[in-house]
J.: 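Structure incoming, see below.
These numbers come from the heavy atoms of this one structure, side chains and all, not from hydrogens, waters or symmetry mates.
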Amino acid sequence: MKHRVLLLGLGFWGRNWMKLIHETDRCELSGVAGAEGELVQMQKEYGLPEEICFTDFREAIEKTQADIAVMVIPGVLHYEADKLALEHGMNVITEKPLAMNLEQAEKLLTLKAQHPTQKFMASQNYRWRPHNQAIRNAIRDGMIGDVETVMVNFRKQEDLQGYRAGLEQPLLQDVCIHHFDLIRFFTGKNCKDMVCRSYHPSWSIFEGRPNTEALITMDDGVQVTYTGSWAARGRETSWDGDFVITGSKGCLTLDANDDVWFYDFHKNDAVVMASGAQQGVKLEKPTMQHTEMAYGFHMMMDCIENDQTPETTLEDNFKSYAMVCAGLASVESGKREACK
């Protein structure tokens with residue numbers, strides 16, 4: 001079967017989705033919505049017929065017979081677009097942000113419950129990278145024993161594209177969802193509560209506060225220390241961040257080269273001075289037919305064909321988004337906040 005896809009949004013990620021849809025032989029583009037200039041560019045590049053191009057996402061949903069709606073429009077429009085797409089019988093793939101606040105995300109859960117046969121998934125593309133799959137597989141195989149602590153360090157220079165420049169909490173509101181979701185993905189635990197603070201380095205070109213630190217408690221007492229800067233000067237991490245995940249048998253690390261290392265635990269009878277000499281074992285990364293957005297896209301099509309449930313359902317992604325909301329609430333209150 002050919003899945004009919006409606007693409008809403010033609011910004012940076014929307015154009016990436018357009019390329020993916022165009023190159024995937026399991027689907028066909030049945031409609032697209034974007035700004036007039038963006039549509040003209042896509043019509044020239046992909047030869048899109050005029051009748052499937054819309055400047056109003058509402059009209060696109062109402063007039064397009066699609067199986068899957070891909071939401072890449074601004075976050076303030078997501079709820080309305082999600083509602084319309086579900087009411088028109090479509091399955092939904094959404095890019096971040098899931099919602100504009102926790103209350104709106106809870107309304108999405110209620111809305112989706114009214115359409116139980118339709119699929120709704122978030123595109124959590126960081127999960128679907130070979131190095132992150134290698135970490136999850138190693139933890140599931142018991143390589144480091146039960147996970148008890150996670151340390152995350154993220155460092156990137158500012159990126160003020162689009163709406164980011166005006167965010168009060170750029171890192172928390174835009175990037176942390178990926179790191180928080182990876183923490184849940186690796187540990188298999190959900191967040192109980194966190195205390196969080198943010199601040200603005202003197203040199204940052206963001207108006208808001210791009211540095212964030214958090215102490216997070218997950219289920220079963222797993223403790224997470226998160227340090228992030230979206231105003232880094234000097235050495236940077238990857239967008240995934242550097243991870244150290246520790247259990248009783250040793251630890252797994254993820255570095256800026258996307259390499260995963262296992263360090264076994266051996267009790268030393270004396271203080272080790274040359275700690276840099278420790279030898280880790282580099283883990284092999286699994287071979288994946290699809291990665292990133294393509295992995296999620298094919299997952300959705302598989303789930304529709306086989307009546308299965310996507311990995312990153314709305315209900316699952318709500319738990320990652322709730323971590324962001326708890327962090328924002330803690331920054332505002334100065335107190336430890338519970339995570340829904």
Side-chain angles (χ1 to χ4, degrees), residues 2-88 90-100 104 108 120-126 156-168 170-171 173-175 177-178 205-208 210 230 239 292-294 296-297 300:
K2 282 265 189 179
H3 296 272
R4 298 166 298 175
V5 182
L6 170 61
L7 176 61
L8 303 181
L10 286 173
F12 175 81
W13 287 110
R15 292 192 297 274
N16 278 273
W17 271 102
M18 175 66 79
K19 184 174 185 293
L20 174 58
I21 293 166
H22 180 72
E23 294 175 350
T24 303
D25 59 10
R26 298 176 65 184
C27 70
E28 60 185 13
L29 185 70
S30 58
V32 60
E36 187 172 351
E38 295 168 338
L39 284 170
V40 170
Q41 181 181 347
M42 291 298 100
Q43 285 173 323
K44 291 179 179 178
E45 189 169 345
Y46 293 99
L48 304 181
E50 185 72 31
E51 60 268 20
I52 72 166
C53 298
F54 303 88
T55 55
D56 186 336
F57 74 88
R58 302 168 189 86
E59 184 181 7
I61 293 171
E62 291 171 359
K63 294 186 177 180
T64 301
Q65 298 297 316
D67 309 305
I68 302 171
V70 181
M71 304 297 180
V72 207
I73 52 178
V76 293
L77 303 175
H78 277 198
Y79 180 82
E80 182 182 359
D82 292 339
K83 184 175 186 295
L84 283 173
L86 288 169
E87 288 173 349
H88 282 75
M90 299 177 191
N91 302 285
V92 176
I93 300 175
T94 183
E95 288 285 359
K96 66 178 178 67
L98 179 65
M100 297 309 295
Q104 196 175 69
L108 270 180
F120 191 124
M121 66 172 286
S123 180
Q124 284 293 348
N125 59 302
Y126 282 36
K156 277 291 184 185
Q157 294 182 37
E158 300 95 323
D159 182 353
L160 274 64
Q161 294 183 65
Y163 64 90
R164 295 166 173 170
L167 294 176
E168 185 177 348
L171 184 58
Q173 291 175 274
D174 192 69
V175 180
I177 181 64
H178 292 298
I205 57 177
F206 271 119
E207 290 185 14
W230 206 359
W239 283 100
E292 303 276 353
M293 294 156 36
F297 189 34
M300 173 63 95

J.: Can the ring centroids of W239 and Y126 be said to lie less than 6.0 angstrom from one another?
T.: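 No; Y126 has its ring centre 6.0 Å or more from that of W239.
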
J.: Got a second to check how far H22's NE2 is from L48's CG, nearest 0.5 Å?
T.: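 The distance works out to 9.0 Å.
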
J.: Might you point out which heavy atoms bring A85 and A69 nearest each other, and give the distance in Å?
T.: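 Scanning both residues completely, I find the closest heavy atoms to be CB-CB, 4.1 Å.
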
J.: Taking atom CD as the centre, does E207 end up with more than 12 heavy-atom neighbours from other residues, nucleotides or ligands that are less than 6.0 angstrom away?
T.: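 Incorrect, the count does not exceed 12.
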
J.: Taking all heavy atoms of F206 and all of D159, pick out the closest pair and write down the distance.
T.: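 For F206 and D159, the tightest heavy-atom pair comes out as CZ-O, 3.6 Å.
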
J.: Look only at the side chain of Q104 and the backbone of M100, and say whether a donor-acceptor pair between them is shorter than 3.5 Å.
T.: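 Yes.
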
J.: Of all heavy-atom pairs between A33 and A60, which one has the smallest distance, and what is that distance?
T.: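 Minimum heavy-atom contact is CB-CB, 4.0 Å.
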
J.: Could you walk me through whether I52 and L29 pass the side chain to side chain contact (heavy atoms under 4.5 Å, CB included) check?
T.: CA-CA 8 Å; I52 72 166; L29 185 70; 4.2 Å; yes

J.: Do NZ/NE/NH1/NH2 and the carboxylate oxygens of D174 and K96 come within less than 4.0 Å?
T.: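 Looking at K96 together with D174, the answer is yes, because their closest N to O distance falls below 4.0 Å.
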
J.: Going from NE2 on H3 to CZ on F297, what distance comes out if it is rounded to the nearest 0.5 angstrom?
T.: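 Here the interatomic distance stands at 8.0 Å.
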
J.: More than 12 heavy atoms of other residues, nucleotides or ligands under 6.0 Å from NZ of K156: is that the case?
T.: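 Count over threshold, so yes.
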
J.: Looking only at atom types and distance, does a side-chain atom of H178 sit under 3.5 Å from a main-chain N or O of Q124, one as donor and one as acceptor?
T.: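 No; zero donor-acceptor contacts below 3.5 Å.
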
J.: Flag yes if more than 12 heavy atoms outside K2 fall under 6.0 Å of its NZ atom; otherwise flag no.
T.: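 Yes, because the 6.0 Å sphere around NZ of K2 holds more than 12 heavy atoms from other groups.
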
J.: With rounding to the nearest 0.5 Å, note down the distance linking CD in E62 to CD in E59.
T.: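 Taking CD in E62 and CD in E59, the distance rounds to 7.5 Å.
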
J.: Taking atom CG of D82 and atom CD1 of I73, what is their separation to the nearest 0.5 Å?
T.: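 Here the interatomic distance stands at 7.5 Å.
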
J.: Between A81 and M71, what is the shortest heavy-atom contact and its length?
T.: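 In terms of heavy atoms, the two residues are closest at O-CE, 3.4 Å.
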
J.: Do Q157 and W230 have side-chain atoms, one donor and one acceptor, less than 3.5 Å apart?
T.: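 No donor-acceptor contact under 3.5 Å links the two side chains.
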
J.: Rounded at 0.5 Å granularity, tell me how far CG in N91 sits from CG in L6.
T.: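 One gets 12.0 Å once the value is rounded to the nearest 0.5 Å.
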
J.: So which of I93, L10, V32 actually passes side-chain contact (heavy atoms from CB on, under 4.5 Å) with W17?
T.: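 Going through the options one by one, the only one that passes is I93.
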
J.: Determine whether a donor-acceptor pair (N or O, by modelled atom type, separation under 3.5 Å) exists between the side chain of H88 and the backbone of L84.
T.: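 Judged by distance alone, yes, a pair lies under 3.5 Å.
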
J.: Evaluate whether atom CD of Q65 has more than 12 neighbouring non-hydrogen atoms of other residues, nucleotides or ligands under 6.0 angstrom away.
T.: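 Open.
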
J.: Is the side chain of D67 donor-acceptor paired with the backbone N or O of R4 at a distance under 3.5 Å, no angle test?
T.: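 Pair found, side chain donor or acceptor close to backbone of R4.
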
J.: Can you confirm whether more than 12 heavy atoms, excluding those of E51, are under 6.0 Å from its CD atom?
T.: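 Atom CD in E51 is crowded, with more than 12 foreign heavy atoms closer than 6.0 Å.
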
J.: Would you indicate whether E23, at its atom CD, is surrounded by more than 12 heavy atoms from other residues, nucleotides or ligands within a distance under 6.0 Å?
T.: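 Yes.
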
J.: Look at E80 together with R58 and state whether they make a salt bridge at an N to O cut-off of under 4.0 Å.
T.: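 Looking at E80 and R58, the cut-off is met.
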
